[in-house]
Amino acid sequence: MNNAFPTPTLTRPHDELLLEGVALSSIADRFGTPTYVYSRAALTSAFDAYRKALDGRPALVCYAVKANSNLGILSVFAALGAGFDIVSGGELARVIAAGGAPGKVVFSGVGKTREEMRQALEAGIRCFNVESAAEIERLNDVAGKLGKQAPIALRVNPDVDPKTHPYISTGLKSNKFGVAFDQALDLYRRAAALPHLRISGIACHIGSQLLDPAPMAEAASKVLGLVDRLAAEGIRLDHIDLGGGLGIRYRDETPPAVEDYLGPLLKVFEGRSEELCFEPGRSLVGNAGLLLTRVEYLKPGEEKNFAIVDAAMNDLARPALYDAYHDVVAVSARDIPPQDYDIVGPICESGDFLARQRSLALAEGDLIALLSAGAYGMTMSSNYNTRARAAEVIVDGDTAHLVRQRETVESLYALERTLD
Ligand SMILES: *Cc1c(COP(=O)(O)O)cnc(C)c1O
């Protein structure tokens, strides 16, 4: 669909903003605001782009659960045959609850606890992406106590600059992630000598919101060099995991299409038999979702006009955290001159803004949509200011499915106790 909005299944055929076949105003009427709304068709077509680009070669697309871990979202990807990239035992439990196959799960992260290792070994996951020498020892120990062998890949740090935001760049030497490239060989040798580990692959992930395919291809070449050196020592790998990171359009970015992003990288692996694994998060869900919120007050000022809405930084942290940009669209067209607004929430922090200086025609009570909010939106939300978190809805054709009820305030303090 060719479309002015970054959210591909969002259209404005008349005066109504529709996600697939459902009017956003009807979602606000039924479920209230703020509400995250996702499009099943957009999720599916984002996943299919990977499937098509990888057609004809052994490959597994493991959706990075941390981007959006709602069970409804996970169930859509599970039904499409996706694997999952997890970073906690909690995410593993979600994947299993949503019908995902544990045999297609890879477990990333620098701080896996013994309990998380046990849980993942018992579930029978595909691979542990191990990030340190100490983790190798611990995993061997935990697996031994369970009488199991843990499949591992070493997450290496190829030291390429992904040219993205410093908080989401992960493949440089100065990052906490992965093991240094020049230590990898030695660590593989040590792991190969441990009885309760089975060396399965190699992994890397260089950053997020990448807009240029070149750093990924460079990382892939470096990784492949290591794979061949390992093979020369008799350590053979059955898969190569290249992580996630493909960027999306939030504003005027021009990310490559999935096939153009993977193209140079797949060239590097031409003629190789190892299974390729990818861990996309943002590029599968980011543009498939939006945050629907209602204008509570308009507050004109001398220097700025504010539109105070019922969503806040606790619902969508990216603007406050990364100064991130989300497109803002008024749900109903109004016949009044547009004005520049800062879109802000009710939280007692100056950092509580969702968008700045947007030209919009608004009245009190209007609905607006913050676009491209499907990734790192709900999963980074909090209950700051004792705000119940948003509802979540997946639209599928003409049907809106509530996939997470709005939290109740009582549930927020149900685990707490007063003193006598
Ligand atoms: C966050 C993360 C991903 C997903 O990154 P995106 O930029 O959302 O595609 C994949 N793999 C690992 C190890 C991660 O930490």
Side-chain angles (χ1 to χ4, degrees), residues 43 46-47 49-50 53 60-70 73-74 77 82-88 90-92 95 104-112 116 120 125-132 135 152-158 160 162-172 175-179 201-213 215-216 219-220 223 239-250 253 255-256 258 261-262 265 276-289 317-318 321-322 324 372-380:
L43 296 167
F47 186 79
Y50 277 90
L60 182 63
V61 178
C62 293
Y63 166 59
V65 174
K66 73 174 191 284
N68 188 323
S69 58
N70 182 283
I73 302 271
L74 300 181
F77 288 130
F84 296 92
D85 169 48
I86 60 163
V87 293
S88 71
E91 287 188 350
L92 177 57
V95 166
K104 292 185 185 172
V105 168
V106 299
F107 192 168
S108 304
V110 294
K112 301 175 194 78
E116 286 175 320
I125 67 164
R126 164 106 178 70
C127 193
F128 290 85
N129 290 349
V130 173
E131 304 212 16
S132 65
E135 188 186 340
I152 68 159
L154 216 57
R155 175 168 173 187
V156 298
N157 200 331
V160 299
K163 305 184 180 74
T164 185
H165 192 287
Y167 287 9
I168 50 180
S169 137
T170 54
L172 286 167
N175 288 130
K176 70 176 175 182
F177 301 100
V179 301
I202 189 164
C204 77
H205 169 75
I206 62 171
S208 203
Q209 186 58 11
L210 311 180
L211 299 170
D212 177 357
M216 273 294 280
V223 166
H239 79 272
I240 300 171
D241 180 340
L242 296 158
L246 174 57
I248 62 169
R249 174 158 79 94
Y250 286 99
E253 302 90 338
V258 173
Y261 179 68
L262 295 184
L265 186 154
L276 293 184
C277 184
F278 295 92
E279 305 169 349
R282 190 189 313 269
S283 57
L284 290 182
V285 293
N287 278 333
R318 300 187 68 260
L321 196 57
Y322 311 116
S372 310
Y376 306 106
M378 187 64 175
T379 49
M380 292 178 88

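Read the numbers this way: they start at 1 and go in the same order the structure lists the ligands and their atoms.
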Between Arg318 and Ala375 the two heavy atoms that sit nearest each other are CD-O, 3.7 Å
Counting from 1, what ligand 1 atoms have a heavy atom of Lys66 closer than 4.0 Å?
-> 1 (C), 2 (C), 3 (C), 4 (C), 14 (C), 15 (O)
Run the numbers for me: atoms of ligand 1, each under 4.0 Å from some heavy atom of Pro280, listed by number.
-> 9 (O)
d(Arg155 CZ, Ile202 CD1) to nearest 0.5 Å is 12.0 Å
Short list, please: which atoms of ligand 1 are under 4.0 Å from a heavy atom of Ser208?
-> 6 (P), 7 (O), 8 (O)
Under 3.5 Å, side chain of Glu279 to main-chain N/O of Cys62, donor-acceptor pair present?
-> no
Closest non-hydrogen atom pair between Ala219 and Ile206, with its separation = CB-CG2, 4.0 Å
Would you say Gly281 and ligand 1 have an N/O pair spaced under 3.5 Å apart?
-> yes
N/O of Gly243 under 3.5 Å from N/O of ligand 1, yes or no?
-> no
Is there a donor-acceptor pair under 3.5 Å between the side chain of Asn68 and the backbone N or O of Met378?
-> no
Give the contacting part of His205 toward ligand 1: side chain, backbone, both or neither, where contact means a heavy-atom distance below 4.0 Å.
-> side chain
Do the charged groups of Glu135 and Lys112 touch, with an N to O distance under 4.0 Å?
-> yes
Does a side-chain heavy-atom distance below 4.5 Å link Ser372 with Arg249?
-> no
Would you mind running through ligand 1 and noting each atom that sits below 4.0 Å from a heavy atom of Tyr376?
-> 1 (C), 4 (C), 5 (O), 6 (P), 8 (O)
Residue Ala64 vicinity, atoms of ligand 1 by number, heavy atom under 4.0 Å | 3 (C), 4 (C), 10 (C)
Answer yes or no: is there a donor N or O on one side and an acceptor on the other, between the side chain of Ser108 and the main chain of Val87, under 3.5 Å?
-> no
Output yes when the distance from some N or O of ligand 1 to some N or O of Arg155 is under 3.5 Å, and no in every other case.
-> no
Got Leu246 and Pro256 here, is their nearest side-chain heavy-atom distance under 4.5 Å?
-> yes
Proximity of Ser108 to ligand 1 by residue part, where a heavy atom lies under 4.0 Å | side chain
What atoms of ligand 1 come within less than 4.0 Å of a heavy atom belonging to Gly244?
-> 9 (O), 10 (C)
Can you find a non-hydrogen atom of Ala67 under 4.0 Å from ligand 1?
-> no
Ligand-residue contact atoms, ligand 1 with Arg282, heavy atoms, under 4.0 Å = 6 (P), 8 (O), 9 (O)
Between Asp85 and ligand 1, find which residue part has any heavy-atom pair under 4.0 Å and reply side chain, backbone, both or neither.
-> side chain
